[in-house]
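In what follows, every chain begins at residue 1, and chains take the letters A, B, ... in the order their sequences are listed.
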Amino acid sequence: MTAPSTLLDQLWSAHEIVRRDDGSSLLWVDRHLVHEGSHHAFAKIEARGLAVAEPDRTFAVVDHYAPTRNRARISDPKIKYMVDTLRKNARKHGLRLFDLDDPGQGIVHVVGPEQGLTLPGLLINCGDSHTSTHGAFGALAFGIGATEVAHVLATQTIWQKKPAAMRLHIDGTLGPGVGAKDIALNWIAKLSADGAQGHAIEYSGSAVRALSMEGRMTLCNLSIEGGARFGLIAPDETTFSYLGGRSYAPRGAAWNAALEDWSKLRTDDAAHFDREIRLNARDIAPTVTWGTSPEQAIPVTSTIPDPTVLTNGKAEAVRDALDYMSLDAGRPIEGTPVDQVFVGSCTNGRIEDLRTAAAVLSGRKAKVPGLVSPGSALVKAQAEQEGLDRIFVEAGLEWAGAGCSMCVGMNGDLVAPGKRCASSTNRNFRGRQGPGARTHLMSPAMVAAAAVTGTITDVRPLLKGRVG
Amino acid sequence: MPGWNRHSGHAVALPIHNIDTDQLIPSRFMSTRRKEGYGGFLLHDLRKDESGDDHPHFPLNRHRHASLLVAGRNFGSGSSREAAVYALVDAGIRAVFAPSFGDIFAGNAVNNGLLPARVSEDDYTLLVRILGESTEPADVALESGKLSVGEIEVSFSLDPSWRTKLINGWDDIDQTLQHVADIERHKTSWNQNAPWARPAAEAQRS
Ligand code: SF4
């Protein structure tokens with residue numbers, strides 16, 4: 001009998017080619033996703049005269065710099081340069097490119113799953129920290145830097161040390177208006193932004209099983225904000241029915257073989273975890289950030305921390321964050337006026353996210369301006385078919401094209417200096433949405449609520465009598 | 001990338017926690033080609049005011065010759081942008097000493113010859129106290145894992161594989177190319193055992 005193993009163990013050993021004495025493993029990479037930011041890596045392999053080892057396993061996506069309006073003509077020369085460089089590299093190396101006019105274009109972490117490129121049992125790399133998203137399918141997925149991207153391009157392998165295993169077990173039922181984003185902000189606030197460093201998190205428990213694939217992706221996506229590079233959820237019926245029939249997913253006999261193999265991908269009951277954390281979904285309220293790190297998050301019903309009463313060595317950081325965010329300590333976070341809202345990103349730009357935001361906004365007007373950027377062109381088409389775009393537009397929000405957009409502002413969708421934005425994104429870092437921008441992270445439902453009242457607002461009363 | 005074992009320079013403290021890679025280099029500078037140099041982007045929005053002038057009090061503006069940085073926990077968290085490391089390296093920084101690092105950042109650092117050295121919370125506090133707002137001559141020894149600043153000496157921890165890589169200036173692609181036969185063997189058996197692992201469109205073509 002083999003020793004009880006975790007899902008992480010199983011995925012790791014399936015991909016391990018060799019292990020060095022120093023503990024580093026050379027791993028086989030099944031999917032390599034690249035985007036405009038991969039230009040340094042392409043330049044590196046070019047400088048060494050190397051080709052892409054496995055072009056059929058490498059996929060290129062325009063997302064970070066994708067204009068969300070008038071995309072046929074890019075006027076900003078920097079943006080044009082970045083998109084053209086990716087086009088040139090994709091052509092040169094024979095890569096499938098999801099270009100701006102492709103019906104499958106979108107944010108890399110939305111596109112991968114949607115196209116069936118992301119599958120259980122695979123190892124997936126991308127030069128982007130939110131690659132942890134793909135772990136929602138039971139894949140070993142992690143973000144890498146440019147030197148490593150060049151390495152994967154050249155060899156289709158990656159050197160990596162096996163992380164420690166951590167289990168985050170969440171039982172219970174989420175209340176109405178509470179979702180995967182709230183679970184994530186909640187545990188990150190508890191454990192801090194480096195709380196899971198060096199660990200791969202496996203999410204388990206009835207609350208996780210009850211999540212849709214969209215919700216699971218949100219949860220795994222945010223693993224990195226708590227310091228973990230990997231998030232994992234064992235695949236199940238929800239996973240399989242999401243993947244069936246997707247463009248690059250296996251078909252026919254291969255599909256049946258896949259289902260048989262994938263069903264075995266689960267942590268053995270007696271397997272050992274280096275750390276175990278338990279939460280109850282019932283205790284989780286809609287959560288918002290008040291500061292400049294995702295760990296600075298509180299229930300919307302709570303008050304802004306007061307540095308003068310803090311004794312845990314965080315007082316200085318709290319003071320700095322409050323200063324940057326221009327907030328008063330000790331005041332309720334609810335009722336804080338916002339200047340604008342944003343719905344989108346690889347965290348919360350999927351169809352379910354747009355549906356929950358639309359459920360709040362339907363028949364209501366936004367008091368502040370805002371932008372809705374779907375996570376992909378397919379999400380956009382689906383939302384338009386369901387009439388969600390009309391709900392947003394009638395509420396007074398702008399409905400734009402797919403891309404990273406205001407999550408990082410590289411395409412020019414920026415929050416102006418000093419402005420406060422309620423945002424469904426993943427990073428409230430200083431200047432993340434633009435120099436001097438003030439970001440409050442929250443779920444898409446909460447962003448919609450902020451739009452309706454023009455302030456940070458508990459979404460729950462706004463959902464009474466509606467399906468949210 | 002040349003390897004290194006000892007470095008003597010000047011240390012400066014930046015006692016802030018969670019200095020994320022968006023701080024280390026704001027995203028708007030990331031379309032720059034590497035050969036144009038990234039040093040001027042380092043911590044851009046913390047160092048400069050709206051009109052682009054340096055804040056006179058910011059530690060790195062007062063001590064431009066510093067090559068060793070002491071910083072708060074979770075240094076380099078956030079985005080995987082290797083440009084954050086380019087900004088540090090191009091500004092002449094050789095090592096960062098902090099209680100913890102973002103994992104991807106630390107790996108990127110080692111790939112560019114920059115040392116991400118973990119120090120205990122107590123030693124971090126001690127270093128910040130010694131350095132204050134000034135700068136002190138300091139020595140780093142990779143092999144023994146020691147940093148000395150004036151009279152005091154602190155130990156730092158570093159993954160042994162990273163230590164070897166920094167000292168030898170190893171390049172991963174060169175290392176990997178020694179395993180080409182192993183890679184081929186793995187690929188063949190994986191293709192057989194997990195036929196579903198190849199993208200379907202590719203399977204149809206071949
Ligand atoms: S949406 Fe934001 S976090 Fe996600 S890949 Fe794009 S820039 Fe990164």
Within the supplied structure, the quantity of interest is the number of heavy atoms (other residues, nucleotides, ligands) at a distance under 6.0 Å from B:E153 CD; does it exceed 12? yes
B:T21 versus chain A, the contacting section by heavy-atom distance below 4.5 Å: neither
Checked B:T32, B:D45, B:I104 vs chain A; the most non-hydrogen pairs under 4.5 Å come from B:I104
Just so I understand: if I count every heavy-atom pair under 4.5 Å between each of A:L119, A:I224, A:L26 and chain B, which residue has the most? A:L26
Where on A:R31 is there a heavy atom nearer than 4.5 Å to chain B: the side chain, the backbone, both, or neither? side chain
Near B:Q178 CD, under 6.0 Å, is it more than 12 heavy atoms from other residues, nucleotides or ligands? yes
For B:D159, is it the side chain, the backbone, both or neither that has a heavy atom under 4.5 Å from a heavy atom of chain A? side chain
Under 3.5 Å, is there a donor-acceptor pair between the side chain of A:E225 and the main chain of A:P294? no
Is it the side chain or the backbone of A:H130 that comes within 4.5 Å of chain B heavy atoms, both, or neither? neither
Hey, does B:L127 have a side-chain heavy atom less than 4.5 Å from the side chain of B:L147? yes
Closest-packed option against chain A by number of heavy-atom pairs under 4.5 Å, given B:R185, B:R33, B:H44: B:R33
One option among A:V408, A:D21, A:D30 has the most heavy-atom pairs under 4.5 Å with chain B, and it is A:D30
Counting only non-hydrogen atoms closer than 4.5 Å, can you tell me which residues of residues 191-200 of chain A sit against chain B? A:S192, A:A193, A:D194, A:Q197, A:G198
Per-residue contact mode, A:A14 against chain B (heavy atom under 4.5 angstrom): both
Among A:R432, A:H64, A:E16, which residue has the highest count of heavy-atom pairs closer than 4.5 Å to chain B? A:R432
Heavy-atom cut-off 4.5 Å, strictly under: side chain, backbone, both or neither for A:I158 against chain B? neither
Which atoms of A:R96 come close to chain B, meaning under 4.5 Å heavy atom to heavy atom: side chain ones, backbone ones, both, or neither? neither
So which part of A:Q160 gets closer than 4.5 Å to some heavy atom of chain B, the side chain, the backbone, both or neither? neither
Residues A:D413 and A:S405: side-chain donor-acceptor under 3.5 angstrom: yes
Kindly assign one of parallel, tilted or perpendicular to the pair B:F105 and B:F75, based on the angle between their ring planes and the thresholds 30° and 60°. perpendicular
Which region of B:R81, side chain (C-beta onward) or backbone (N, CA, C, O), has a non-hydrogen atom less than 4.5 Å from a non-hydrogen atom of chain A, or is it both or neither? side chain
Can you tell me which portion of B:N18 sits under 4.5 Å from chain A's heavy atoms? Options are side chain, backbone, both or neither. side chain
Under 4.5 Å from any heavy atom of chain A, what part of B:N191 do you find: side chain, backbone, both or neither? side chain
Heavy-atom cut-off 4.5 Å, strictly under: side chain, backbone, both or neither for A:T131 against chain B? neither
Can you classify the ring geometry of B:W190 versus B:W196 as parallel (below 30°), tilted (30 to 60°) or perpendicular (above 60°)? perpendicular
Out of A:Q115, A:Q156, A:H39, A:R48, return the one with the most heavy atom pairs under 4.5 angstrom to chain B. A:R48
Would you sort out whether A:D128 and A:H35 count as a side-chain contact (heavy atoms from CB on, under 4.5 Å), showing the intermediate values? CA-CA 9 Å; A:D128 189 280; A:H35 55 82; 4.0 Å; yes
Looking only at the aromatic ring of each residue, does the gap between the centers of A:H32 and A:F59 stay below 6.0 angstrom? no
Hey, which of B:E50, B:K187, B:R28 has the most heavy atom pairs under 4.5 Å with chain A? B:K187
Taking side chain as everything from C-beta outward and backbone as N, CA, C, O, which of these in A:T147 sits under 4.5 Å from a heavy atom of chain B? Side chain, backbone, both or neither. both
Let me know if A:H151 has heavy atoms under 4.5 Å from chain B in its side chain, its backbone, both or neither. both
What part of B:D182 is in contact with chain A, defined as an atom under 4.5 angstrom from a non-hydrogen atom: side chain, backbone, both or neither? both
Aromatic centroids of B:W170 and A:W159 separated by under 6.0 Å: no
Interchain contact, A:A154 with chain B, by part (heavy-atom threshold 4.5 Å): side chain
What part of B:N74 gets closer than 4.5 Å to chain A, counting heavy atoms only: side chain, backbone, both or neither? both
Could you check whether atom CZ of A:R19 has more than 12 heavy atoms from other residues, nucleotides or ligands sitting under 6.0 Å from it? no
Taking B:G78, B:G107, B:P26 one by one, which has the highest count of heavy-atom pairs under 4.5 Å against chain A? B:G78
Which residues from residues 160-168 of chain B are near chain A, with near meaning under 4.5 Å between non-hydrogen atoms? B:P160, B:S161
Polar side-chain atom of A:R251 near backbone of A:S247 as donor-acceptor pair, under 3.5 Å: yes
Taking every heavy atom of B:G72 against every heavy atom of B:A98, the minimum-distance pair comes out as O-CB, 3.5 Å
dist B:H10:NE2 -> B:S134:OG (nearest 0.5 Å) comes out at 10.0 Å
Looking only at heavy atoms and a cut-off of under 4.5 Å, which of A:G37, A:G121, A:S24 has the most pairs with chain B? A:G121
In terms of heavy-atom pairs under 4.5 Å, which option from A:L414, A:L122, A:L50 contacts chain B the most? A:L122
For the backbone of A:P120 and the side chain of A:W262, can you confirm whether one donor and one acceptor N or O come within less than 3.5 Å of each other? yes
Would B:N112 and B:E82 satisfy side-chain hydrogen bond (donor to acceptor under 3.5 Å, both in side chains), going step by step from the backbone distance to the final call? CA-CA 9 Å; B:N112 288 277; B:E82 197 161 300; 3.1 Å; yes
Okay, A:R427 and chain B: the region with an atom under 4.5 Å from a heavy atom over there is side chain
Under a 3.5 Å threshold, yes or no: a donor from one side chain and an acceptor from the other, between B:S67 and B:H7? yes
Sorted by first residue and then second, give each ring-ring contact (aromatic ring centres under 6.0 Å, His included) pair with at least one member in residues 76-97 of chain B; sequence neighbours left out. A:H40-B:Y86, B:Y38-B:Y86, B:F97-B:F156
Could you look at A:F429 and say if it's the side chain, the backbone, both or neither that has a heavy atom under 4.5 Å from chain B? both
Specify which of B:D171, B:T176, B:N108, B:L46 makes the most heavy-atom pairs with chain A at under 4.5 Å. B:T176
Please walk me through it: do A:E36 and A:T85 pass side-chain contact (heavy atoms from CB on, under 4.5 Å)? CA-CA 7 Å; A:E36 307 94 300; A:T85 303; over 6 Å; no
May I ask you to name which of B:R34, B:Q175, B:R73 has the most heavy-atom pairs under 4.5 Å with chain A? B:R73
Please check if atom CD in B:E36 has more than 12 non-hydrogen atoms from other residues, nucleotides or ligands closer than 6.0 Å. yes
What residues form a side-chain contact (heavy atoms from CB on, under 4.5 Å) with B:D122, not counting sequence neighbours? B:S120
Can you tell which part of A:V18 gets under 4.5 Å to a heavy atom of chain B, answering side chain, backbone, both or neither? side chain
Which portion of A:P417 sits near chain B, non-hydrogen atoms under 4.5 angstrom: neither
Can you tell me if B:T135 uses its side chain to pair, donor with acceptor, with the backbone of B:A11 under 3.5 Å? yes
